[in-house]
S.K.: 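Structure in structure tokens, see below.
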Amino acid sequence: MTQIIDSIELDFCDVLFKPKRTTLNSRREADVIREYKFKYYPQVMNSCGIIASNMATTGTFEINNILQKYQAITCLHKHYDFNSKDNYQYLAKNYKNKESHKNSYTFISTGLKDEKKHVFDLLSDKNFKIDKLCIDIANGYIPKLTDFVKEVRSKFPNLLIMVGNVVTGDMTQDLILSGADIVKVGIGPGSVCTTRKLTGVGRPQLSAILECADAAHGVGGLVCADGGCTCAGDVAKAFGAGADFVMIGGMFAGTDEAAGELIEKTIQTNELIEENANIGSLKHKKEKYKQFYGMSSQLAQEKHFGGMACYRASEGKVVDVAYKGSVESVIQEILGGIRSTMSYIGARRLKDIPKCTTFYRVNRQLNEVFGKS
Ligand code: 5GP
């Protein structure tokens, strides 16, 4: 019989952090670099826990080059052809870092399709040792995924494996016990995702993170909150709910380092052109944008998969994101915001954020007296 879960399910916009008495005098005292230990992967990793999504627009070498300076991670998208010399050399260079005892902040990605073979070849490559893999499919509940995680884990016992996506504790634990170090949480919250509209499936992201983090930590695994962050405060809330990592797409879109051409649009303003004020002509201005698209959108299917399979429908959309300059300013703003959150709630280390978190459930999150900004 149909069941209804009657408890309230929350999104980032439904809560705010309660400020607490703190021993920190300044946000500078907040340490955003955490030492990560994993269930299977034998090495320790020091990172701020932010991950650029493996979307074709944001999982790029260029974003990786900048983010790694901040000990932030990039999941490279799965459409790079590593048979090409330049791409291959990029990987080799990144994974050579490991020998000098520095972590590589780069994951390669795969789904469950033909790219698997290419990824196995790369993981077995003797010239360098890739040690981080993201296995990413929209519906993390299918048995083929669990089987694949088991297969990869048995072939590569020391690999750092991140798998997703799910939104419930039971499946989080299944994937960890099958061999995942990190489970990716989020169905439907993404900025260019239309899954909820098309299928009616999904779960508000804050509640999903709360449940999955608790389940993962109980069996020695970690979670990555994937999707739905629109500002630094949302990233902090994801950590507050227990996420160990936070994956971001839309916030890194529109930057110099995101893939895609700059588009210039002429926009009509509300200002009058002075010399023609009496006839009411309005000024125009030029604005720059970059295209950003969901990986299940029709555009992505056409660009990267040679068209849309007839049994599928598009579960993603295409948007033009206002040009933001370098991704460096975005990561700096996120880390600055998190440091500030930490100083408000009394968390000295990134890992302490959930312990120091009390959320108020709110009806209205933002003060928008002067519009949205
Ligand atoms: P954002 O940070 O933009 O809110 O969310 C990024 C996440 O959205 C990605 O990491 C991925 O999990 C999800 N995503 C990307 N493209 C699509 C899509 O076309 N459809 C759906 N359902 N989710 C997508």
Side-chain angles (χ1 to χ4, degrees), residues 11-13 49-60 63 67 72-79 107 109-111 134-142 145 162-167 182-206 208-209 212 223-239 243 245-255 258-260 290-305 308-309 312-322 324 327 330-331 333-334:
D11 248 315
F12 296 132
C13 62
I50 309 283
I51 308 184
S53 170
N54 54 331
M55 298 169 76
T57 35
T58 58
T60 63
I63 286 194
L67 291 194
I73 297 162
T74 302
C75 273
L76 295 177
H77 64 71
K78 57 189 177 203
H79 310 292
F107 277 70
S109 304
T110 185
C134 173
I135 306 169
D136 181 39
I137 62 168
N139 175 1
Y141 289 78
I142 62 173
L145 179 66
M162 176 157 68
V163 186
N165 280 23
V166 301
V167 286
I182 310 168
V183 170
K184 224 147 51 78
V185 175
I187 294 188
S191 58
V192 281
C193 163
T194 54
T195 295
R196 291 177 181 176
K197 228 172 152 178
L198 189 84
T199 67
V201 177
R203 184 171 190 188
Q205 185 68 344
L206 190 95
I209 300 168
C212 296
V223 291
C224 171
D226 177 17
C229 290
T230 59
C231 54
D234 290 346
V235 181
K237 289 173 189 177
F239 282 125
F245 296 90
V246 182
M247 182 172 265
I248 291 172
M251 288 180 75
F252 291 145
T255 57
K290 263 192 161 180
Q291 198 178 53
F292 178 55
Y293 52 89
M295 293 314 295
S296 306
S297 64
Q298 181 146 5
L299 181 69
Q301 298 296 320
E302 282 163 12
K303 266 185 188 247
H304 307 291
F305 301 99
M308 197 94 176
R312 291 190 63 133
S314 162
E315 285 185 31
K317 59 186 168 191
V318 184
V319 293
D320 290 336
V321 178
K324 298 176 187 153
V327 74
V330 183
I331 184 74
E333 181 171 302
I334 294 172

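Remember, it's a predicted structure, so these values are computed and weren't measured experimentally. Just follow the structure's listing: the first ligand is 1, and inside any ligand the first atom is 1.
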S.K.: Got a second to check how far N54's CG is from M295's CE, nearest 0.5 Å?
M.R.: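 Nearest 0.5 Å value for the CG-CE distance: 8.0 Å.
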
S.K.: If you count every heavy atom of other residues, nucleotides or ligands that lies below 6.0 Å from Q291 atom CD, does the total exceed 12?
M.R.: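 Yes - once you tally the heavy atoms of other residues, nucleotides and ligands closer than 6.0 Å, there are more than 12.
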
S.K.: For the residue pair T57 and K290, establish whether any side-chain heavy-atom pair is separated by less than 4.5 Å.
M.R.: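 They are not in side-chain contact.
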
S.K.: Students often mix this up, so state it plainly: with edges at 30° and 60°, are the rings of H304 and H77 parallel, tilted or perpendicular?
M.R.: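 Tilted, since the angle between the ring planes falls between 30° and 60°.
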
S.K.: Does a side-chain heavy-atom distance below 4.5 Å link I334 with F252?
M.R.: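 Side chain of I334 against side chain of F252, heavy atoms only: contact under 4.5 Å found.
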
S.K.: List, ordered by chain and residue number, the protein residues whose closest non-hydrogen atom lies under 4.0 Å from any atom of ligand 1.
M.R.: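 These residues qualify: S53, M55, N165, G190, S191, C193, T195, D226, G227, G228, M247, I248, G249, G250, G294, M295, S296, S297, E315, G316.
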
S.K.: Return the CG to OG1 distance between D11 and T230, rounded to the nearest 0.5 Å.
M.R.: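 Answer for the CG-OG1 pair, D11 versus T230, is 10.0 Å.
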
